[in-house]
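Below, chains carry the letters A, B, ... as their sequence lines are ordered, and counting in each starts from 1.
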Protein chains: 6
Amino acid sequence: MLTTRQLEDLDAHSYQDYTSTGHGLVLLPTGATEQHGPHMPLGVDAMLARAVATAAAEDLDALVAPALSYGYKSQPRSGGGNHRPGTTSLSAQTLILQVRDVALEFFRHGIRRLVVINGHFENYQFLYEGADLAVREARAAGLDDSRVVLLSYWDFVDDRTLEAVFPEGFHGWDVEHGGVLETSLMLRLHPEKVDMSRAPSHPPAQLTPYDVLPEDPARTPSSGCLSSPAGATAERGELLLNAVRDGIVRAVSSEFGK
Amino acid sequence: MLTTRQLEDLDAHSYQDYTSTGHGLVLLPTGATEQHGPHMPLGVDAMLARAVATAAAEDLDALVAPALSYGYKSQPRSGGGNHRPGTTSLSAQTLILQVRDVALEFFRHGIRRLVVINGHFENYQFLYEGADLAVREARAAGLDDSRVVLLSYWDFVDDRTLEAVFPEGFHGWDVEHGGVLETSLMLRLHPEKVDMSRAPSHPPAQLTPYDVLPEDPARTPSSGCLSSPAGATAERGELLLNAVRDGIVRAVSSEFGK
Amino acid sequence: MLTTRQLEDLDAHSYQDYTSTGHGLVLLPTGATEQHGPHMPLGVDAMLARAVATAAAEDLDALVAPALSYGYKSQPRSGGGNHRPGTTSLSAQTLILQVRDVALEFFRHGIRRLVVINGHFENYQFLYEGADLAVREARAAGLDDSRVVLLSYWDFVDDRTLEAVFPEGFHGWDVEHGGVLETSLMLRLHPEKVDMSRAPSHPPAQLTPYDVLPEDPARTPSSGCLSSPAGATAERGELLLNAVRDGIVRAVSSEFGK
Amino acid sequence: MLTTRQLEDLDAHSYQDYTSTGHGLVLLPTGATEQHGPHMPLGVDAMLARAVATAAAEDLDALVAPALSYGYKSQPRSGGGNHRPGTTSLSAQTLILQVRDVALEFFRHGIRRLVVINGHFENYQFLYEGADLAVREARAAGLDDSRVVLLSYWDFVDDRTLEAVFPEGFHGWDVEHGGVLETSLMLRLHPEKVDMSRAPSHPPAQLTPYDVLPEDPARTPSSGCLSSPAGATAERGELLLNAVRDGIVRAVSSEFGK
Amino acid sequence: MLTTRQLEDLDAHSYQDYTSTGHGLVLLPTGATEQHGPHMPLGVDAMLARAVATAAAEDLDALVAPALSYGYKSQPRSGGGNHRPGTTSLSAQTLILQVRDVALEFFRHGIRRLVVINGHFENYQFLYEGADLAVREARAAGLDDSRVVLLSYWDFVDDRTLEAVFPEGFHGWDVEHGGVLETSLMLRLHPEKVDMSRAPSHPPAQLTPYDVLPEDPARTPSSGCLSSPAGATAERGELLLNAVRDGIVRAVSSEFGK
Amino acid sequence: MLTTRQLEDLDAHSYQDYTSTGHGLVLLPTGATEQHGPHMPLGVDAMLARAVATAAAEDLDALVAPALSYGYKSQPRSGGGNHRPGTTSLSAQTLILQVRDVALEFFRHGIRRLVVINGHFENYQFLYEGADLAVREARAAGLDDSRVVLLSYWDFVDDRTLEAVFPEGFHGWDVEHGGVLETSLMLRLHPEKVDMSRAPSHPPAQLTPYDVLPEDPARTPSSGCLSSPAGATAERGELLLNAVRDGIVRAVSSEFGK
């Protein structure tokens, strides 16, 4: 019987008992250290990925691994751009190797079912590559049943929840950086880390359908948010959290058995 | 006066004349070698990226570099998955380094304006990293005005064109692998390489909001198409090509001057 | 005026104010996810590095960056060996690149003084390489005053404290894995995460003056501790914490000015 | 029955039929984007490697994969040097990884016999390393019969052909950059891409028996050719093409069976 | 019957006879090219590692492989720092890969027992990683009994020898760079390469318990020695050599059988 | 005034005096550990590269750095193949990085003129890449006059010497592995390491104009020599050594000034 869902808080002997059942399931949250406007802290992406993982862990009888706190370079069309103060990112190869190494270690422990829960849009393809390299290497070493589910938590927000959270219309995922979705979840999960009095109010950023390198700082709002967080509430955060948790639990159970 | 827009067909002395103006602009098409159903060839992505680049080159007084013919691993949610026969992919690091190396060479030649024209969804983040590494390295070496525009050509299909091409409703970009968009463009550009008699007819794939590794072959249609190409015509291809060419010319001119 | 010492809890605008003074100082804790016996959790190394950094941050007017939660492979002569359940490690190249990337980002922000606070013995040389690569690259890019102090926190335990904590004699740093030092610090800082009723009692491990690969599991105690934590108390943890904090504050102030 | 020898023009279902016989053979042309004097285009090396592969494919019942259009850095003693305008090269690691990745994909498809047909002198050792890494990795993964033949096409020009093509004496392979051999082949295969009116006329370059880095531009002829293409004709190109095609067909048949 | 213990002096046919017994044992010395004060040459670390290996080879019926003559960057707290003239070092990744490659080759030859004998303090962790990668890769390839012993020779100096060599008290291993230990061994093994008339005389360096990057040249004695070599004699070198040789022979015999 | 030409035998203070003149010149020998038939040792390539460097050092007032004793994988067409017992090789990336690192260190010391003297055919392209990376990086760091000459020693054997050494006709450089050239040089330089009574006698190997991977052991003579060393004498070695030394001295003086 586990006394905690956080891997970092578990002792090794209890962990061994858990893995020795052969049904171990580990959730790996991946975030970023990235500006999220004047009203939210730099750690939002890792905090939300960790919170979502923790929310899903009980139903899945899973453990939550320490989050990857640094993510891939922020891009102007999803996070405001990597030139912004406070955004502290990894290059592609570093992030890929980190996921590969950590996944291989869990496979070595006897964990055969790993779920990577992404909280930073820009990470996804690099997490995919890391997971793919790990699965190939594990299978080459004879661990044939090693598997990974990879997901970004917001992809589990269903249409009904979206309508409830954005009653006046959803502007699209691309401008949801520092906006209503993330702010509502933070108000629900870490209200003390949000200062709504500093929340900016401006129309959604007009994003180009392409990227320019080096980034042009003039291209994204000076607030650092791609849309206004006005309308964010803890209640809406609760709706979002429930939708995401339930969706992930259903998906993982369906893939891996429960 | 250039006699060709294809860099590979140009001699070095003429290229030097072109670059010595200081206004050189190179378009780098990036594709993949990837299954596109029974009715289209493996080279679709590179062919379309090359054709789009060539279409835009005249208006931009640009050169088209040899395409990168191999791309990142095909993923089930955008290309059917990398397990399929014929799909011949690069790992992330290889693709990143290739873009970095080629971009740095053009900067060394005196080209300061590079446009990467992507034709394979899965490539995008790795092209971004390659371009970012090249721009950083070029600037560290004192080439301070080296710039890259990175785009995927389908992001320039405007709403009006979309309605004309999909009069019965658009199923979304995610299932547009081997479907009406790519097939129409191929019918317009390389009709001899399309065999509509072999085009599959099935409903759009039901994609999960997550990935599983290793891939589950049962997850995507056996045809290899994520939606049916029924309805594809050369005329629709013409509409798409015009929209994409015009959009890219406008965007690049706006960023780089003409 | 900073409202928190934790970078992840700070918003980007406040961070920019902080860095714009030109006197910014960032502390980067580095730990591991590694077995620490039956009485302590897997996250001990990161927890202690983070706690030490936080303790020193106020006096140094510094920020504490998110900890690197995964470290280099545990070795039998300092951590029991990497074959043990729960030990979840990175390969050398991954850890090196992670430190390099993160350090370069802080330099880009205008931070010129970075302190890496190590909590996992095996990390040290890889942290050194990562810091060295970052400093070289920063200076090649013209950031000539970028500097790093690298330390392992236990190297600041002075002789007087050592005598107070080990009144019956110190067995040496090499067997201090899961022993009195780490356990005392955890009892002082996170008592709810320690279960002294499960603390093993056995003589210090007899370590060989060499390593064998692959590791021989028979070589280290089955408890996972290299010496017994008997004698660990929160009071001794307080002595240790004070000595380490004071020593680090003095050293960093002396190197970097205050 | 294949309708084309070009892999990029083949659909995936036909490719699967081809590979499922177990006798699939793929030819991978590797070239460069490199200056070839004022009379020939930058793409000569890839064009010739592709043409040679296509010429041999019918007799071998083989498929021709998309060429690698970029090659290793041009060197003064074989290609004039990498400092020249238009020469667009890859670093060693990039080229090695590209060959490794592509070869491994063909092995995964069930292709066990791969022929790398090189058209750029400087590539050879890096192609060897890429092929060696792929074969080792394939065999470690249980694909024990995966094999590669690696060749440079000009090594199949026999003495009789050499005498016919160079009736006044052969100056050696090292100065055959942009000279009679490549120009004759281009006149035979792509006459519209050659402008003999711009062909330079100068004695063969006097090459040193060593390299200097960085390259000394004064060391090679300003034309970019290491010997004069005077004497190149389509007829001589026909002789060369026949010799090379026949030699490669014989060698590959002898190694792999036909 | 081997005619030499030096692998480089052995012919391949005799080597094959040796490995075919299945009991082959190879000793790989690893050193550095690093300043060792005004009285000793730059090659001390490789010379001593090679000499120790050669001394132990006879008793172990082992071969001595060519030494790795370049090592990891010298650090101020163990070697004076990498900024010093003459110190010629490798980066971490280079050293790691070198050990991995060489170890894998010996495993391929049928050697299953490899001893890495380190003579440069800073190398150790990188040798460990290289050996770990090689052992993992060898075992993944089915060479399940491949093993490595890794050691630094000075860890085999026993207390009795230490007392005899430092009758007035030992200052600690950290300041033993260019001091009595290395100088005594050199006087015993290569007296013609030592010039005691140039030996510096100063108190041991006061080392900080942390590192600073970039290095501060003022931090270590201008002689390049971290303690004075005064007191070094060939007789003390003989004591040290005997202790080290005997300790290594015992340890290796115990691990690997003799 | 230098007391030795061997860098490893020089003390750091004398080295600093030497480099401080600004005219320092370092010769870096690169070899291999590779079978050379039953009559010669595995270390031939490094021994000869070192001997040639030493012979040239006096006239050039140069220092000889420690040789790189391990080289790139032996290939069947120049060294018999890497499958042979005793051949102990590096992968491409390892060798490239090693040359890059070492060259950069010499540049850092103030050495601006480096000569890489190659003794193993297969190394050349990887040495080129390593030198190219180092020169680029050095120049990016402002060391604009850093230069490398790269050569293989046998390329300095002139025609007259060739006729004298092979009075009955030269079979070509490709079969000169373990043959008259290397054996004569060894008889001149290290006669005690050659056993002519074990020298094989067989016709030159019939080499194919292509490579096959994995290597086919049946393809090269079982002796390991690609041609017979019969006819090798110390006198012919003397002729070869003189030709090579004189040629290198002339070339380096001409490039670098003397």
At a heavy-atom distance under 4.5 Å, which candidate from Gln16(C), Gln35(C), His190(C) has the highest pair count against chain A? Gln16(C)

Side chain, backbone, both or neither: which part of Asn82(C) has an atom under 4.5 Å from a heavy atom of chain A? both

Region of Leu68(A) that comes under 4.5 Å of a non-hydrogen atom in chain C: side chain

Atom CZ of Phe121(A): over 12 foreign heavy atoms under 6.0 Å: no

Of His39(A), Lys193(A), Arg198(A), the one forming a side-chain hydrogen bond (donor to acceptor under 3.5 Å, both in side chains) with Asp11(C) is Arg198(A)

Quick one: of Ala67(C), Pro38(C), Ser91(C), who has the most non-hydrogen atom pairs under 4.5 Å with chain A? Pro38(C)

Quick one: what part of Arg84(C) sits under 4.5 Å from any heavy atom of chain A, side chain, backbone, both or neither? backbone

Indicate the atoms forming the closest heavy-atom contact of Ala12(A) with Pro85(C), along with that distance. CB-O, 3.6 Å

Which of the residues Val102(C), Thr33(C), Ile96(C) is involved in the greatest number of heavy-atom pairs with chain A at under 4.5 angstrom? Val102(C)

As an exercise, state the distance from NE2 of His13(C) to OG of Ser222(A), rounded to the nearest 0.5 Å. 7.0 Å

Rounded to the nearest 0.5 Å, how far does OG1 of Thr88(C) lie from CG of Leu104(A)? 11.5 Å

May I ask you to name which of Gly43(A), Ser20(A), Pro66(A) has the most heavy-atom pairs under 4.5 Å with chain C? Pro66(A)

What is the distance from atom OG1 of Thr94(C) to atom CD of Gln93(A), rounded to the nearest 0.5 Å? 8.5 Å

With respect to chain A, which residue among Ser223(C), Ser89(C), Gly224(C), Gly37(C) yields the maximal number of heavy-atom pairs within a distance under 4.5 Å? Ser89(C)

If you count heavy-atom pairs within less than 4.5 Å of chain A, which of Glu34(C), Met47(C), Arg100(C) leads? Met47(C)

Compare all side-chain heavy atoms of Tyr70(A) with those of Asp101(C) and state whether any distance is below 4.5 angstrom. no

If you measure from CG on Asp9(A) to CD on Glu192(C), what distance do you get to the nearest 0.5 Å? 8.0 Å

Do Pro41(A) and Glu8(C) have side chains that approach each other closer than 4.5 Å (heavy atoms only, starting at C-beta)? no

Heavy-atom donor-acceptor pair, His109(C) side chain to Thr87(A) backbone, under 3.5 Å: yes

Checking Ala65(A) against chain C: side chain, backbone, both or neither under 4.5 Å from a heavy atom? both

Would you mind reporting whether Leu97(A) and Gln98(C) have side-chain heavy atoms less than 4.5 Å apart? no

Given His36(A), Arg108(A), Met40(A), the one with more heavy-atom pairs under 4.5 angstrom with chain C than any other is Arg108(A)

